[in-house]
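Report on one structure; see the data block that follows.
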Amino acid sequence: MPLGETETPRWLRWPAGDRPRFAFGADYNPEQWPRHVWHDDVRAMRAAGVNIVSLAIFSWARIEPAAGEYDFDWLDEIMDLLHEHDVAVDLATATASPPPWLTSAHPEILPVDRHGATVWPGARQHWRPTSPIFREHALRLVRAMAHRYAHHPALAAWHINNELGCHNVYDYSDDAARAFRVWLRARYGSVDALNRAWGTDFWSQRYSDFAQVLPPRQAASHPNPTQQLDFKRFSSDALREHLRAEREILRAATPQVPITTNFMVMGETSGMNYADWAAEVDFVANDHYRHPGPQSLDELSFSANLVGNLAGGRPWFLMEHSTSAVNWQPVNLAKRPGELARDSLTHVAHGADAVCFFQWRQSAAGAEKYHSAMVPHAGEESAVFRAVTALGRTLADLAPVAGAARRPARAAILFDWESWWVSELDSHPSSRLRYRQEALDWYSAFLALGIRADVRPAHAAFTGYDLVIAPILHVVPAALADRLRRYVEAGGHLVTTYFSGVVDEDDHVWLGGYPGALRDLLGIHVEEFGPLLDDEQVVLDSGAIGTLWTDRIEVTGPDVTVLAAYRDGAQAGRPAITRRRVADGSASYVSTRLGADGLVPVLAQLSEAAGLASELPEPLRGKVELAVRDGYHFLINRTDEPVDLTGLPGTPLNDAGDLLPPEPSPYAPPPPPPTPHPITPKPSSI
Ligand code: GLA
Ligand code: GLA
């Protein structure tokens with residue numbers, strides 16, 4: 001049985017029965033160190049305020065040195081040592097990286113890429129999600145782990161595998177082909193239905209038997225787009241099946257211990273449809289790493305916000321981020337003073353109740369030896385360790401906040417994995433379109449205006465929101481079109497963009513003109529897309545600059561206002577941004593890429609028309625991000641300069657002065673929050 005919806009996860013109340021407090025810690029890889037270091041570790045963990053570690057993530061080869069033979073002594077010892085020092089354990093099932101004995105005995109568990117090349121051992125996660133042999137060995141290990149540690153007093157949570165799909169989401173092997181066919185049979189029932197959905201009368205692709213169907217391996221030209229879409233769906237589902245298989249063993253052994261796996265809601269990781277996965281875990285956990293660039297902080301907030309929404313307002317766990325540099329970007333920048341705490345607290349502001357890092361002690365050997373950690377190569381006498389220890393104290397000060405639900409905003413950005421996948425497929429009007437970037441640009445514009453917005457999966461309820469932005473909502477099944485129409489008719493304000501509404505769930509074009517399923521609601525008609533070349537741009541009569549895309553728009557519906565028109569280019573004189581009034585609601589369309597800065601005035605106008613205003617005093621807008629958890633306002637400095645908060649009502653909860661209790665609200669009284677999802681009741685002990 002899954003844990004109850006409102007139950008406080010055990011890692012949040014630790015030891016059992018205690019008041020909630022923030023979990024703070026890291027991945028811990030003691031097998032990389034001699035025993036005497038373990039004693040240094042637990043002492044330094046206490047000094048830093050660490051109260052939880054993720055253990056055994058990459059320990060398979062140590063735990064099971066030969067098939068079915070286990071060596072738990074070292075793990076027992078470290079579990080006991082951690083427990084003696086009041087450090088709880090988020091215990092991994094250890095299945096992430098199969099050991100050499102397994103891959104030499106069974107090379108048929110190794111993934112195969114689209115060209116048919118084997119993905120060899122030598123790194124990690126070299127396993128096929130659909131391999132029955134891998135599954136058998138992995139589940140035997142999970143059973144052994146569950147049996148061994150079910151009643152260990154340090155066990156606070158189970159950590160399934162690690163970053164499922166980080167390196168192995170797309171496998172084109174024969175195992176994958178077999179499992180894909182099973183998945184397709186379940187989806188379509190008959191080969192005729194598959195032929196219809198995949199449009200196989202195109203290029204003579206008609207199948208007469210499921211046995212003929214393959215993953216979209218390297219082909220002579222563009223592979224069938226619906227085959228590609230279904231393979232993406234299938235690949236996400238196949239990993240989710242693995243998650244479920246491990247989870248069922250753990251649930252049976254330890255029904256009282258919450259189970260998670262670490263998602264990767266960040267950057268360009270698109271393969272796992274986490275909107276589908278979130279309900280599979282007892283609490284949502286995420287890993288996040290920042291990339292340098294002008295929108296680095298915005299992306300941090302965007303990801304944290306999306307994870308908070310995936311978690312449905314319940315406490316979630318930041319399983320990994322970095323204290324400083326990573327080792328896998330082209331150039332790996334160290335964090336500047338203050339960035340470590342700011343990044344961590346941004347996650348906290350969006351509902352994280354655990355703040356953990358990769359990893360505790362920086363490795364001396366291996367591929368991640370130049371990746372930062374809580375204890376760097378320099379040791380405890382270091383700026384990084386001092387910043388870590390200071391963060392531990394801050395989190396201890398913030399203990400009353402732990403468990404408080406993230407408070408929904410009045411605006412939402414819809415985030416849809418299938419639109420992400422399909423809008424970026426090959427053989428399209430432009431290969432330059434970037435789904436997540438467009439969504440992030442809108443989010444940046446909200447941040448610049450100081451207006452809070454939630455980033456939410458498209459299937460989640462949005463009826464409580466006054467303003468819904470649906471950037472590049474490309475895949476619009478009839479049911480979603482219907483929900484959007486009802487939302488607008490009920491007084492909601494919808495904004496969508498270029499290449500939205502174009503196809504249904506089979507990636508078939510909605511006929512009659514674009515934007516297909518949303519055409520009537522928007523009151524516009526587009527006969528041809530007008531993508532732009534890389535060095536092309538268009539000027540709107542507002543002075544705004546558009547890139548990437550334009551549309552040849554005709555206004556067809558009633559009550560449509562042209563908010564901006566093209567001044568030059570092939571569409572000169574035609575509408576660029578339209579807004580249709582529908583009763584008390586509206587449906588707007590932005591037909592070009594305006595970028596984060598260019599969207600600010602457009603969003604300001606659309607927000608005002610939707611009755612939305614910033615909750616921040618004017619001088620703070622754009623400079624700080626406001627995020628709200630029940631009972632607390634977080635103000636996150638987005639600049640490199642100090643921001644003056646004097647004069648604001650409320651009392652800072654910590655010396656940094658960046659957390660203020662809102663009762664009474666220091667800002668313009670917020671309107672009643674929408675209740676699009678159930679809010680976890682605040683634990684009574686706060
Ligand atoms: C991922 C993995 C970790 C580590 C970090 C490095 O998040 O889960 O094991 O490799 O990346 O950034
Ligand atoms: C070639 C092919 C056609 C079609 C066009 C598209 O000419 O013969 O079948 O694919 O390219 O440009």
Side-chain angles (χ1 to χ4, degrees), residues 187 196-199 225-226 228-230 232-233 273 275 412-425 427-430 433 435 438-439 442 456-463 465 467-531 549-560 575 577-583 585-592 606:
R187 181 175 176 90
R196 272 195 302 279
W198 286 20
T226 316
Q228 294 192 65
L229 167 59
D230 272 346
K232 286 179 189 286
R233 289 173 171 146
N273 186 340
I413 294 175
L414 300 190
F415 194 82
D416 181 46
W417 269 265
E418 296 207 345
S419 288
W420 189 359
W421 295 340
V422 180
S423 66
E424 295 187 13
L425 283 182
S427 67
H428 277 188
S430 172
L433 176 154
Y435 174 84
E438 182 66 35
W442 283 92
R456 290 173 67 71
H459 73 72
F462 46 77
T463 43
Y465 289 94
L467 177 63
V468 167
I469 313 284
I472 315 183
L473 189 63
H474 183 66
V475 180
V476 180
L480 178 56
D482 201 46
R483 282 175 61 212
L484 291 167
R485 183 183 49 76
R486 281 186 278 118
Y487 166 72
V488 169
E489 286 171 358
H493 298 277
L494 172 71
V495 180
T496 189
T497 74
Y498 58 94
F499 217 35
S500 292
V502 176
V503 299
D504 67 10
E505 64 272 34
D506 294 328
D507 195 20
H508 291 202
V509 170
W510 288 105
L511 299 180
Y514 317 122
L518 304 176
R519 192 175 58 222
D520 292 343
L521 184 60
L522 294 161
I524 60 169
H525 180 277
V526 173
E527 186 183 321
E528 282 199 295
F529 303 120
W549 202 278
T550 62
D551 280 317
R552 188 142 67 82
I553 295 178
E554 301 218 26
V555 171
T556 49
D559 305 318
V560 176
I577 304 175
T578 60
R579 182 169 188 269
R580 178 176 168 228
R581 284 193 60 98
V582 182
S586 69
S588 301
Y589 186 76
V590 180
S591 64
T592 187
L606 295 168

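Side chains are part of it too, since the values below use all heavy atoms of this structure and drop only hydrogens, waters and symmetry mates.
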Correct closest heavy-atom pair for Gly501 and Trp510 would be O-CD1, 3.4 Å
Q: Taking the side chain as every heavy atom from C-beta outward, state whether Trp421 and Val475 have any atom pair closer than 4.5 Å.
A: no
ring-ring contact (aromatic ring centres under 6.0 Å, His included) filter on His428, not counting sequence neighbours, yields His474, Phe499
Please state whether the rings of Trp420 and Trp417 are parallel, tilted or perpendicular, taking 30° and 60° as the class boundaries. tilted
Q: Starting from the C-alpha separation in whole Å, work towards a yes-or-no answer on side chain to side chain contact (heavy atoms under 4.5 Å, CB included) for Lys232 and Leu425.
A: CA-CA 11 Å; Lys232 286 179 189 286; Leu425 283 182; 4.0 Å; yes
For Thr578 and Ile524 the tightest heavy-atom approach is OG1-CG2, 3.7 Å
List, one per line, each side-chain donor-acceptor pair under 3.5 Å for residues 511-518, sequence neighbours excluded.
none

Residues passing the side chain to side chain donor-acceptor pair (under 3.5 Å) test with Arg233, sequence neighbours excluded, are Asp230, Glu418
With sequence neighbours left out, the residues meeting side chain to side chain contact (heavy atoms under 4.5 Å, CB included) with Ser430 are Arg432, Pro531, Leu548, Trp549
> Taking side chain as C-beta onward, heavy atoms only, is Val582 less than 4.5 Å from Asp559?
Replying inline: no
* Asn273 side chain to Ala275 main-chain N or O, any donor-acceptor pair under 3.5 Å? -> yes
_Side-chain touch Trp442/Val590, heavy atoms, less than 4.5 angstrom_ = yes
Applying side chain to side chain donor-acceptor pair (under 3.5 Å) to Arg485 and not counting sequence neighbours gives Asp482, Glu489
Exercise for the section: For the pair Arg456 (side chain) and Phe462 (backbone), establish whether a donor and an acceptor sit closer than 3.5 Å, ignoring hydrogens and angles. Expected result: no
Would a distance-only check, ignoring hydrogens and angles, find a side-chain to backbone donor-acceptor pair under 3.5 Å from Thr592 to Thr550?
-> no
Taken in chain and number order and not counting sequence neighbours, the residues that satisfy side chain to side chain contact (heavy atoms under 4.5 Å, CB included) with Arg579 are His493, Leu563, Arg581, Ser586, Ser588, Leu606, Ala609
Closest non-hydrogen contact found for Thr226 with Trp198 is CG2-CD1, 3.5 Å
Sorted by chain and residue number, the side chain to side chain donor-acceptor pair (under 3.5 Å) partners of Glu554 (sequence neighbours excluded) come out as none
In short, side-chain hydrogen bond (donor to acceptor under 3.5 Å, both in side chains) pairs touching residues 494-508 with sequence neighbours left out are Glu438-Tyr498, Thr496-Ser500
Are the side chain of Tyr435 and the backbone N or O of Asp416 linked by a donor-acceptor pair below 3.5 Å? yes
Going by heavy atoms in the side chains, are His525 and Thr556 under 4.5 Å from each other? yes
Ala458 and Leu480 have their tightest heavy-atom pair at O-CD1, 4.3 Å
Taking every heavy atom of Pro471 against every heavy atom of Ile469, the minimum-distance pair comes out as CD-O, 3.3 Å
Next on the checklist: Tell me if a side-chain donor or acceptor on Arg552 pairs with a main-chain N or O of Phe529 at a distance below 3.5 Å.
Outcome noted: no
When every non-hydrogen atom of Val476 is compared with those of Ala481, the smallest separation belongs to CG1-N, 3.6 Å
Does some side-chain heavy atom of Pro575 sit less than 4.5 Å from a side-chain heavy atom of Val555? yes
